[in-house]
Amino acid sequence: MITWILKGVSRCTPHKVTSRLLSTFHQPDLKAIAKELENFPGGSIDLTKDNETGIAVMVINNPDKRNSLSGKMMVEMSEKVDQLEQWAQGKGLILMGKDGSFCSGGDLAFVKKALHYGAEMAAFQHHTLTRLHNLPLISVALLQGHTLGGGAELSTACDFRVMSTSGKIGFVQVKMGITTGWGATTRLVSLLGRKKALQFLSSAKIMSAQEAHQEGLVDHILQNSLSHNEELEACKQWLGLNYCNYDSNLLQAVKALIVHCDSSKDTSKSLKYERDVFAQFWGGPAQKAALAAKIKHN
Ligand SMILES: C[C@@H](C(=O)O)C(=O)SCCNC(=O)CCNC(=O)[C@H](O)C(C)(C)COP(=O)(O)OP(=O)(O)OC[C@H]1O[C@@H](n2cnc3c(N)ncnc32)[C@H](O)[C@@H]1OP(=O)(O)O
C-alpha cells in the first residue's frame, strides 16, 4: 500500500470509481463541479464587509450540524472569496462558525452521498481555499467549540488562528479512513514543518486550546468566560489593533508581497498529489467503516 503512494498515484487502486476518476481527471472543470455540488443542500456561507474598519466576517452557517459543510456551502464559500478578492477597502477577514462552533468538517449526509465524487470535491476545495489563503486580506480563523477534520483544514487557510479557551481542534481524517481532502497537509507542512504536520495528521489527536497554542497552531487564546459575540468582538480587536492599523492599499500590498514572495513554493503540484492520494481513500472500505461507526470526536 505504502509503496504505491510513494511511487505516485497512477497505479490501479482498490476502488474502481476513484481509479477511473484519476485517469480522466486532470483539468478540473470547476463550473461543472459547482453545478454538481449545488445538488447537496443545507446551510449557507454569510459574508458581511465593514468598509469603515476594513474587516469582513465570513460565517459558516449550519449550526444544527455543527457548521459542517454541504456541497452548496462549498460553492457559496467560493463565491464569497470572489467578492473578497474585489474588496478595495478590505484589510482583514475573520472566518468563523455560527453559534459557538467553528466547523465539524464535511456534512456527513453530503459525504455519504458523494463517495463517488472525492477527486472533484477536493479539486474544488483546493481552488477555493488556495484563493482564500492568498487573499490580499489578513485572515483569522476564530475557533470556537469544535474544529474537526475539514474544519481544521479550513482553519489552516487563514493567516492566523484565534481560539476560545474551551475550543478543541483535531485533524481527525485518519480516524475517518481518509487523508486530507481540503489542502491541509500542504499548508501545515509549510506553516509548522514536517514533524508537527506528521504528528497532527497521523495521530488524529484532538487538542485543547492550550495544546494547540503550545504547538504553534493557534496564535492567540481568548480570555475565559466571554459570550460568543464578545469573543467575536475580542477577535476583531486582536486583528484590528495588531494588524489592521494602516491604509488598506498598503496592507493589501504587504499581504500580496508575502504571497508573491512565497510563490517559490508553488503548491499546485503538492495539492494535486494531496488530492490524488485523498481520492484513493475516499469511498474506500476504511471510510465506509468509519462512517458506519458514527464516530464522535469528543
Ligand atoms: C470531509 C472530510 C475531510 O476532512 O475532507 C471531513 O471533514 S472528516 C470529519 C467529519 N466530521 C465528523 O466526523 C464529526 C462528527 N461529529 C462529532 O464528532 C460531534 O458531533 C461533535 C462535532 C464533536 C459535536 O458533538 P456535540 O456533543 O457537541 O454535539 P452532537 O454530536 O449532538 O451534534 C449535534 C448535531 O450535529 C450533527 N453533526 C455534527 N457534526 C456533523 C457533521 N460533520 N455532519 C453532519 N452532522 C453533524 C450531529 O449528528 C448532531 O445531529 P442530531 O442533533 O440530528 O443528532
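In each ligand, atom 1 is the first atom listed, and ligand 1 is the first ligand listed.
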Problem - Polar side-chain atom of Lys72 near backbone of Gly43 as donor-acceptor pair, under 3.5 Å - result: yes

Measure from every N or O atom of ligand 1 to the protein's N or O atoms and keep only the pairs below 3.5 Å, writing each with atom names and distance to 0.1 Å.
residue  : atom   : partner : partner atom : Å
ligand 1 : 4 (O)  : Gly150  : N            : 3.1
ligand 1 : 4 (O)  : Glu153  : OE2          : 3.2
ligand 1 : 4 (O)  : Gln173  : NE2          : 3.0
ligand 1 : 7 (O)  : Gly106  : N            : 2.9
ligand 1 : 7 (O)  : Gly150  : N            : 2.9
ligand 1 : 11 (N) : Ser104  : O            : 2.8
ligand 1 : 13 (O) : His297  : NE2          : 3.1
ligand 1 : 18 (O) : His297  : N            : 2.7
ligand 1 : 27 (O) : Lys296  : NZ           : 3.0
ligand 1 : 28 (O) : Arg66   : NE           : 3.3
ligand 1 : 28 (O) : Arg66   : NH2          : 3.2
ligand 1 : 29 (O) : Arg66   : NH2          : 3.1
ligand 1 : 31 (O) : Lys296  : NZ           : 3.1
ligand 1 : 36 (O) : Asp64   : O            : 3.2
ligand 1 : 40 (N) : Ser104  : OG           : 3.0
ligand 1 : 43 (N) : Ser104  : O            : 3.2
ligand 1 : 43 (N) : Ser104  : OG           : 3.2
ligand 1 : 43 (N) : Gly106  : O            : 3.0
ligand 1 : 44 (N) : Ser68   : OG           : 3.4
ligand 1 : 44 (N) : Leu108  : N            : 2.8

Problem - Between Arg275 and His126, a side-chain donor and acceptor under 3.5 Å - result: yes

Problem - Thr156 versus Arg187, side-chain donor and acceptor atoms under 3.5 Å - result: yes

Practice task
For Glu153 and Ala184, indicate whether the former's side chain and the latter's backbone hold a donor-acceptor pair under 3.5 Å.
Solution key: yes

Problem - Close side-chain approach of His297 and Met176, heavy atoms under 4.5 Å - result: yes

Handout entry: Lys/Arg-Asp/Glu bridge criterion (N-O < 4.0 Å) met for Lys98, Asp46
Key = no

